[in-house]
There are 2 protein chains.
Amino acid sequence: MRASDTAYAALRDDILHGEFPPGAAFAEVEQAQRLNLSRTPIREAFARLAAEGLLVALSGRGYVVSELSRQTIVELFELRQVLEMQIASLVASRRDPAVFVALRDEFSAALESLQHPNGHDAYYELVARLDAAMDDAVQSRFLLAAIRQLRPHLARARRLAKDNPERLLASAREHLMIVDGIVDGDPELAAHATSIHLKRSLKHILAAVDQAAPTAAADSANLAR
Amino acid sequence: MRASDTAYAALRDDILHGEFPPGAAFAEVEQAQRLNLSRTPIREAFARLAAEGLLVALSGRGYVVSELSRQTIVELFELRQVLEMQIASLVASRRDPAVFVALRDEFSAALESLQHPNGHDAYYELVARLDAAMDDAVQSRFLLAAIRQLRPHLARARRLAKDNPERLLASAREHLMIVDGIVDGDPELAAHATSIHLKRSLKHILAAVDQAAPTAAADSANLAR
DNA sequence: CTGCTCTTTTCTGTATACAGAACTCGGGTG
DNA sequence: CACCCGAGTTCTGTATACAGAAAAGAGCAG
């Protein structure tokens, strides 16, 4: 593995795990010393993270971790919505049925196992495998690249909303609808089920964000009227 | 301007203008000498171009200009379709009417001026201004970033199909429908008009590609049955 | 004549030195 | 007391040196 990859992975994980909160500043020499590398691979890692949008460049004065405001999350989902609908739609027409029949069974089983609170990690892992199976089946490189670029930001957004059992159960039911559409080879069903899932997911995240920041909650309530 | 920006812009333009055809190899030292720079900014430019997908890295052995096959163009539009529909939809609900009323008038006028073959460049410039106005109005950073990343590839695809007057006239009418939807504040109309425009645009490009490569043309004809 | 292996060459990946730009902080001035 | 100017410091941006890996080519063996 190249040193620049190491640096990229380390910095990315640190940002995603919240070690460096939004607004935290990064300097090249500082990180080079921390990770025991020279500035060259650090520079490359910074450039990649900035291209992804996790860092923003302070023209000539280093980088800071990008903000993840309520508005940013809304914009994130304005893109995610159409990407995942298109992916679901294409996967429904291009999938290998066997793969998704198996996944459907697993999601069915998850409806039960989510009763136990320690089944949560297994559920996250199941969702990750569904994503991977869809990535495999979609056969559309640009679409794949676009959703891949979004995922780190989604991971950060997810961290803001601590999932509760009810939400996870609802999420499992929504995923089941998506997989059903894929198994049936029904692009519209898959896309619409995805739309529903993401609208609810966004609502859940925004509710958590608004609870943390009362002012924004009031704004949101006004907008909803 | 930084040297790495210079290198990036120069290499990008050379690729987009077809100076380096798909498959052409790039070495760091070679380009550093050609552009009179050291390897460091060249490296940075290569990394950016590879992230965009214009170059592909040959793990440890330089870069080559990426291919732009028929299949790649189809995949390009599988993403472009949903991005531009979403953008049109959001713009229709967020636009400043005055800006787009003015653009509508210009597209109306273009229907006339496109009769003269030397009005072509002016038309391309008008389309570019519509894009810019929509970029301005969409107010959705991730969506904007996604379409921006696609544009170099679209420029390459467009080069494959030499536009004829009939296609440009049809394109102007299609754009007029999109702008109408935006002016009317009708997201659905704007999105559907965009969908129509892009489907026809893809068809036009693929026809040109297939004419250049007869085998692919036969394949396409078979698929169409 | 073909295929394998070893040598040579050339390239990337990394470290580091150097220069110039931007910020900071202190002193002076209005 | 506030503001401005300038020296100093610290950072990025660029050039370059060096090491290691991969490919190309020559030579030898089958």
Side-chain angles (χ1 to χ4, degrees), chain A residues 1-16 19-67 141 145 148-149 152, chain B residues 1-16 19-67 141 145 148-149 152:
Chain A
M1 162 125 44
R2 296 183 309 183
S4 63
D5 292 338
T6 311
Y8 168 76
L11 291 168
R12 184 176 172 282
D13 286 355
D14 286 346
I15 295 169
L16 258 43
E19 315 276 339
F20 298 92
F26 280 91
E28 291 181 3
V29 280
E30 167 199 24
Q31 294 304 315
Q33 282 166 8
R34 188 174 75 97
L35 299 173
N36 249 313
L37 294 167
S38 80
R39 282 178 53 213
T40 307
I42 299 287
R43 265 186 87 72
E44 207 166 309
F46 279 5
R48 284 169 71 180
L49 291 166
E52 283 184 18
L54 286 179
L55 294 182
V56 292
L58 297 180
S59 172
R61 211 64 193 178
Y63 296 81
V64 295
V65 179
S66 61
E67 299 292 334
R141 279 162 293 175
R148 289 241 169 92
Q149 196 147 76
Chain B
M1 163 123 43
R2 296 183 309 183
S4 63
D5 292 337
T6 311
Y8 168 76
L11 292 169
R12 184 175 171 281
D13 287 354
D14 285 346
I15 295 169
L16 258 44
E19 315 276 339
F20 297 92
F26 280 92
E28 291 181 1
V29 281
E30 167 199 26
Q31 293 304 316
Q33 283 167 7
R34 187 173 75 97
L35 299 173
N36 249 312
L37 295 167
S38 82
R39 281 178 54 214
T40 306
I42 298 288
R43 267 186 85 72
E44 207 166 309
F46 280 5
R48 285 169 69 181
L49 291 165
E52 284 184 16
L54 286 178
L55 294 181
V56 294
L58 297 180
S59 171
R61 211 64 191 178
Y63 296 81
V64 295
V65 178
S66 62
E67 300 291 335
R141 278 162 293 176
R148 287 242 169 90
Q149 197 147 75

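Note that this is a predicted model, so its numbers are computed, not measured. Reminder, nothing fancy here: chain letters follow the sequence lines and each chain counts from 1.
Distance CZ (B/Phe26) to C1' (C/dC11): 16 Å, rounded to an integer number of Å. In this structure, A/Glu30 places its CD atom 8 Å from P of D/dC11, rounding to the nearest Å. Atom-to-atom, CE of B/Met1 to P of C/dA21 comes out at 16 Å; the value is rounded to the nearest Å. Following rounding to the nearest Å, B/Arg2 (CZ) and D/dG13 (C1') show an atom-to-atom distance of 8 Å. For the pair A/Gln31 CD and D/dC11 P, the computed distance is 12 Å after rounding to whole Å. Rounded to a whole Å, the CZ atom of B/Phe46 is 11 Å from the P atom of C/dG13. Regarding B/Glu28, its CD atom lies at a distance of 11 Å from the P atom of C/dT14, rounded to whole Å. Between B/Leu58 atom CG and D/dA22 atom P there is a gap of 13 Å when expressed in whole angstrom units.
Of the listed nucleotides (C/dA15, D/dT16, C/dC11), D/dT16 has the atom at the smallest distance from the side chain of B/Thr40. Comparing D/dA22, C/dT12, C/dT16 against the side chain of B/Arg61 picks out D/dA22 as the nearest. Here the nucleotide nearest the side chain of B/Ser4, chosen from D/dT14, D/dC11, C/dT16, is D/dT14. When distances run from any side-chain atom of B/Arg39 to the nucleotides D/dA15, C/dC18, D/dC18, the shortest one goes to D/dC18. Nearest to the side chain of B/Arg43, among C/dT14, C/dT16, D/dA22, sits C/dT14.
For the side chain to side chain contact (heavy atoms under 4.5 Å, CB included) test with A/Ile42, the passing option among A/Gln31, A/Arg34, A/Gln33 is A/Gln31; the others fail.
Below 30°, between 30° and 60°, or above 60°: for B/Phe26 and B/Phe46 the angle between ring planes is above 60°, a perpendicular geometry.
Taking 4.0 Å as the cut-off between side-chain N and carboxylate O, A/Arg48 and A/Asp5 count as a salt-bridged pair.
Side chains of B/Val65 and B/Leu55 form a contact here, defined as non-hydrogen atoms less than 4.5 Å apart.
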